[in-house]
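Since the structure comes first, as structure tokens, the remarks are kept for the end.
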Amino acid sequence: MLTGLHAIVFTPEAERVRAFFRDTLGLGSVDAGNGWPIFAMPPAELAVHRSDDEPHHALYLMCDDIEQTLTELRGKGVEVVGDVRDVRWGLLSAIRLPDGSEVPIYEPRHPSPRWGA
């Protein structure tokens with residue numbers, strides 16, 4: 001049945017954002033053809049939340065220690081957007097991608113399922 005989760009970042013600055021994921025975040029990739037990289041990601045999980053607005057989807061990065069992770073990313077020149085906020089489900093911040101968009105990053109407090117469990 002399902003074998004994984006494929007996330008897509010849509011941006012007019014694809015080359016710069018790909019370089020960020022490859023060089024700054026250190027994600028490995030495979031060439032899907034014609035130099036089109038598909039990046040390896042750590043285990044993923046999916047949540048479904050109620051929305052009173054139009055349906056939409058979101059991408060969050062997860063880490064084990066947000067302060068350490070943000071310090072390492074700052075050392076690589078990554079802009080951290082805002083302070084770490086303590087929210088009910090974890091410690092939350094965001095990083096800026098080269099195209100100016102933001103990607104939330106958090107240290108979860110919730111249990112994480114394991115694939116196949």
Side-chain angles (χ1 to χ4, degrees):
M1 195 157 174
L2 298 177
T3 60
L5 176 71
H6 183 93
I8 302 173
V9 174
F10 291 96
T11 175
E13 298 186 40
E15 288 306 319
R16 290 183 63 208
V17 173
R18 287 176 186 147
F20 176 83
F21 282 106
R22 180 189 64 236
D23 302 334
T24 305
L25 298 186
L27 299 178
S29 67
V30 296
D31 186 335
N34 299 317
W36 190 282
I38 301 292
F39 293 97
M41 293 298 295
E45 57 189 42
L46 175 69
V48 179
H49 292 261
R50 177 173 168 65
S51 174
D52 293 328
D53 300 319
E54 289 294 316
H56 62 279
H57 312 293
L59 171 71
Y60 285 73
L61 299 176
M62 295 169 61
C63 61
D64 291 331
D65 182 327
I66 196 159
E67 295 295 345
Q68 177 184 351
T69 299
L70 294 179
T71 297
E72 290 173 9
L73 290 172
R74 281 186 189 102
K76 295 179 176 186
V78 175
E79 179 185 350
V80 174
V81 181
D83 295 326
V84 173
R85 295 179 313 194
D86 189 340
V87 294
R88 181 178 46 81
W89 39 270
L91 299 174
L92 174 67
S93 188
I95 59 174
R96 189 164 319 278
L97 296 181
D99 64 0
S101 65
E102 299 175 12
V103 174
I105 183 170
Y106 78 106
E107 177 185 330
R109 287 200 178 114
H110 59 77
S112 291
R114 296 294 169 233
W115 181 250

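Starting from 1, each residue takes its place in the sequence as its number.
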Practice problem: Would you kindly confirm whether Val87 and Tyr106 end up in one hydrophobic cluster when ILVMFWY residues are joined by side chain heavy atoms under 4.5 Å apart? | Solution: yes
Side chain to side chain contact (heavy atoms under 4.5 Å, CB included) filter on Gln68, not counting sequence neighbours, yields Asp65, Glu72
Between Phe39 and Arg18 the two heavy atoms that sit nearest each other are CZ-O, 3.4 Å
Does Met62 belong to the same Ile/Leu/Val/Met/Phe/Trp/Tyr cluster as Leu92, with side-chain heavy atoms less than 4.5 Å apart forming each link? yes
### Query
Heavy-atom count around Asp64 CG within 6.0 Å, excluding the residue itself: above 12?
no
Sequence neighbours excluded, the answer for side chain to side chain contact (heavy atoms under 4.5 Å, CB included) partners of Leu59 is Ala7, Val9
For Ile8, the other hydrophobic cluster members (4.5 Å side-chain criterion, sorted by chain and number) are Phe10
Sequence neighbours excluded, the answer for side chain to side chain contact (heavy atoms under 4.5 Å, CB included) partners of Ser93 is Ile66, Leu70, Val80, Val84, Ile105
Residues 2-14 vs salt bridge (Lys or Arg N to Asp or Glu O under 4.0 Å), sequence neighbours excluded, gives Glu13-Arg16
Residues passing the side chain to side chain contact (heavy atoms under 4.5 Å, CB included) test with Asn34, sequence neighbours excluded, are none
Flag the pair Thr69 / Leu61 as yes when at least one side-chain heavy-atom distance between them is below 4.5 Å, and no otherwise.
-> no
For residues 77-89, the salt bridge (Lys or Arg N to Asp or Glu O under 4.0 Å) pairs (sequence neighbours left out) are Glu79-Arg96, Asp86-Arg109
In short, salt bridge (Lys or Arg N to Asp or Glu O under 4.0 Å) pairs touching residues 35-57 with sequence neighbours left out are Arg50-Asp52
Here the gap from Ile95 atom CD1 to Glu102 atom CD, rounded to the nearest 0.5 Å, amounts to 10.0 Å
Sorted by chain and number, sequence neighbours left out, ring-ring contact (aromatic ring centres under 6.0 Å, His included) with His57 holds for none
The remaining residues in the hydrophobic cluster of Val81, counting side-chain heavy-atom contacts under 4.5 Å among Ile, Leu, Val, Met, Phe, Trp and Tyr, are none
Phe20 meets the ring-ring contact (aromatic ring centres under 6.0 Å, His included) criterion, sequence neighbours left out, with none
Would you give me the side-chain donor-acceptor pairs under 3.5 Å for residues 21-30, sequence neighbours excluded?
none

